[in-house]
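Data first, discussion second: the structure below is written as structure tokens.
Treat the numbers as computed from the prediction; the structure is a model and nothing was measured.
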Amino acid sequence: MRFVSALIAWAAVVATMAGQQPAPAPSASADATTFNHDIAPIFQKHCTACHRPGQMAPMSLLTYESARPWARSIQRQVTARTMPPWGADPSVGAFSNDPSLSASEMATINKWVTDGAPRGDSAAPPAPDYNEGWQIGTPDLVLSIPKPIAIPSKGIVDYYYIEVPTGLTEDHWIQAAEIRPTNRKAVHHALAFVKSPGLATPPPVPRGDGTSCNEDFCGDIEQHDARMGPILAALAIGTNPEMYPAGTAKLLRAGSVLTFQVHYTPYGEEGSDQIGIGLVFAKEPPKVQLKMVPFSKQGFTIPPRAPNHVVETWLEFKKDAAIWSIGPHAHLRSKSWSIEVVDPDGQRRPVLAVPAFDFNWQLVYRLVEPMPVRAGSKLHAIGVFDNSVNNKNNPDPNAEVKWGNMTTDEMMFASIVYSIGPRSSPTGAR
């Protein structure tokens, strides 16, 4: 099969424009919507972080000349709400990293195309001053795997697990973390786990019923990754670097070792990659310590040809806490996610709904305001999987599908960033 990746997904968009040639810039009528006056500000706000030279998108939208040939394709993608990519149901929760266009912005783009996509006589606003290097600013510490990894042009590449000592001689609070590959299009996802000496968080203790407990939770805590320590940072298609609000940070202890888990997806060319991570240290100890728990269900089987196979998973909070972000992860048969908090009195509070999960965009949803959770509450997730012939991404509808690392297997995993105790940061989550 051909593995799905961001490159392939974008290639599909490019294919829709095959053969289209740039048209002469039409003259604008007095009431026309123009690129320079109306469209450029929208693209700069929502699009050009990816749609510019050197980034993952297949075309630049920084200038009229580069954007004009794509006008009708942009209109189709915007109308279908496939661009900018965002999976959350707008009626459930509010998220600070939501890139969605407003109704008025969508109407403006549609009118621009309807008016003939004119340039306009006014000057376009200057392009944002993008940091073409580290998105988190200059790191205080950069760590990389010891040597490049060769990536074949095709086939299945097993997960890599590479340990990198931090060399830290004292504890540090992490304000921002960014995983950076040297070959972005080859990386499906990468995780950086922390193994701390001495005061490391103990692994979850199995309870004999398939669930386990740690110091903060009982329930479906992901066992394999938890044995390597908590996740410090993640990279996947569509994710942004970890940048924590003022007054919050993650703890990285002296002598810690990072374990990089890297999943490479061949893309038709031989290549190599030497992945690394940049860390920005907080200038002072935070008011709120952010932590992460891997929340998952592993012991499930999706029957052949099942169109709506439901898998449920849960965590019970042992202490008062607050949820800051959720990053659901699954593979090609994932259809939808819904996540809620069930309070001790039985009240249900929706946190996140992803009605049409898209493997190509493994997004993290950061709450505008952290959600307070009382001890004894449960975090409940429902995943629906489509293993039928109607799923266009399904590699084999006749297969019995179980949990596994490969894209042809399936996962139901969510990374939950949380804090223990009452929330004290006034800035909310990013």
Side-chain angles (χ1 to χ4, degrees), residues 4 87-89 92-93 159 188-189 191 204 206-214 217-226 231 234 236-237 263 292-317 323 325-342 348-365 373 377-416 418:
V4 181
D89 182 339
V92 178
Y159 279 34
H188 173 261
H189 79 263
L191 302 172
R207 298 197 296 182
D209 61 354
T211 65
S212 55
C213 295
N214 65 12
F217 300 97
C218 285
D220 294 316
I221 304 171
E222 209 278 316
Q223 285 283 336
H224 175 69
D225 291 337
I231 294 175
I237 304 165
H263 180 191
M292 182 272 172
V293 62
F295 171 42
S296 73
K297 188 71 171 181
Q298 291 192 347
F300 65 88
T301 300
I302 305 173
R305 299 173 296 281
N308 292 290
H309 184 75
V310 177
V311 179
E312 299 187 53
T313 183
W314 62 273
L315 286 177
E316 181 174 345
F317 289 81
I323 299 171
S325 70
I326 298 179
H329 172 77
H331 293 170
L332 298 174
R333 295 170 175 88
S334 179
K335 188 174 184 178
S336 66
W337 282 76
S338 60
I339 300 175
E340 63 182 355
V341 168
V342 183
R348 296 176 179 270
R349 294 184 288 151
V351 183
L352 171 69
V354 183
F357 183 82
D358 188 344
F359 173 80
N360 296 296
W361 301 106
Q362 304 282 344
L363 304 175
V364 173
Y365 300 89
V373 180
S377 298
K378 292 184 178 181
L379 189 64
H380 176 228
I382 300 173
V384 180
F385 297 86
D386 183 358
N387 195 23
S388 74
V389 296
N390 296 323
N391 178 357
K392 65 179 181 179
N393 296 319
N394 193 347
D396 184 3
N398 295 312
E400 183 180 75
V401 184
K402 297 180 182 293
W403 172 282
N405 286 336
M406 294 295 103
T407 308
T408 50
D409 302 319
E410 197 47 79
M411 286 188 178
M412 184 180 180
F413 173 97
S415 57
I416 312 298
Y418 69 99

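Under the 3.5 Å distance criterion, the side-chain polar atoms of N394 are left unmatched by any main-chain donor or acceptor of V389. The closest donor-acceptor contact from the side chain of D220 to the backbone of K297 lies at 3.5 Å or more, if one exists at all. Formation of a donor-acceptor pair under 3.5 Å by the S388 side chain with backbone atoms of N390 is found in this model. Using modelled atom types, one side-chain atom of T313 and one backbone atom of S296 make a donor-acceptor pair closer than 3.5 Å. When atom types are taken as modelled, the side chain of H309 and the backbone of T301 share a donor-acceptor pair closer than 3.5 angstrom.
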Take M412 and F300 through the test side chain to side chain contact (heavy atoms under 4.5 Å, CB included) and record every step on the way to the result. CA-CA 9 Å; M412 184 180 180; F300 65 88; 4.2 Å; yes
Stepwise, does the side chain to side chain contact (heavy atoms under 4.5 Å, CB included) test hold for W403 with M411? CA-CA 5 Å; W403 172 282; M411 286 188 178; 3.9 Å; yes
I would like to know whether V364 and I326 meet side chain to side chain contact (heavy atoms under 4.5 Å, CB included); could you show each step before the answer? CA-CA 6 Å; V364 173; I326 298 179; over 6 Å; no
Run the side chain to side chain contact (heavy atoms under 4.5 Å, CB included) test on D386 and N308 for me, step by step, so that the C-alpha distance in whole Å, both residues' side-chain angles and the decisive distance to 0.1 Å come before the verdict. CA-CA 5 Å; D386 183 358; N308 292 290; 6.0 Å; no
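Taking the six-membered ring for Trp, F217 and F317 have ring centres closer than 6.0 Å. With ring centers used as reference points, F359 lies under 6.0 Å from H188. Aromatic pair H331/F357: ring centres not closer than 6.0 Å. Two rings, from H263 and Y159, have their centers less than 6.0 Å apart.
Counting only heavy atoms from C-beta outward, the side chains of P294 and F413 approach each other to under 4.5 Å. At least one side-chain heavy atom of V341 sits less than 4.5 Å from a side-chain heavy atom of I323. With a 4.5 Å cut-off on side-chain heavy atoms, L379 and W314 do not count as touching. When side chains are defined from C-beta on, F385 counts as touching V311, because their heavy atoms get closer than 4.5 Å. Annotation: side chain of N214 is in contact with side chain of I221 (closest heavy-atom distance under 4.5 Å).
Residues L332 and E410 share a closest heavy-atom pair of N-OE1, 3.6 Å. The two residues C213 and R207 come nearest to each other via the heavy atoms SG-CD, 3.4 Å.
No side-chain donor-acceptor contact under 3.5 Å links R333 and N391. No side-chain donor from either of N387 and R305 sits under 3.5 Å from a side-chain acceptor of the other. Residues Q362 and H189 bring no donor and acceptor atom of their side chains to less than 3.5 Å of each other.
Taken to the nearest 0.5 Å, the CG atom of L352 stands 6.5 Å off from the OH atom of Y365.
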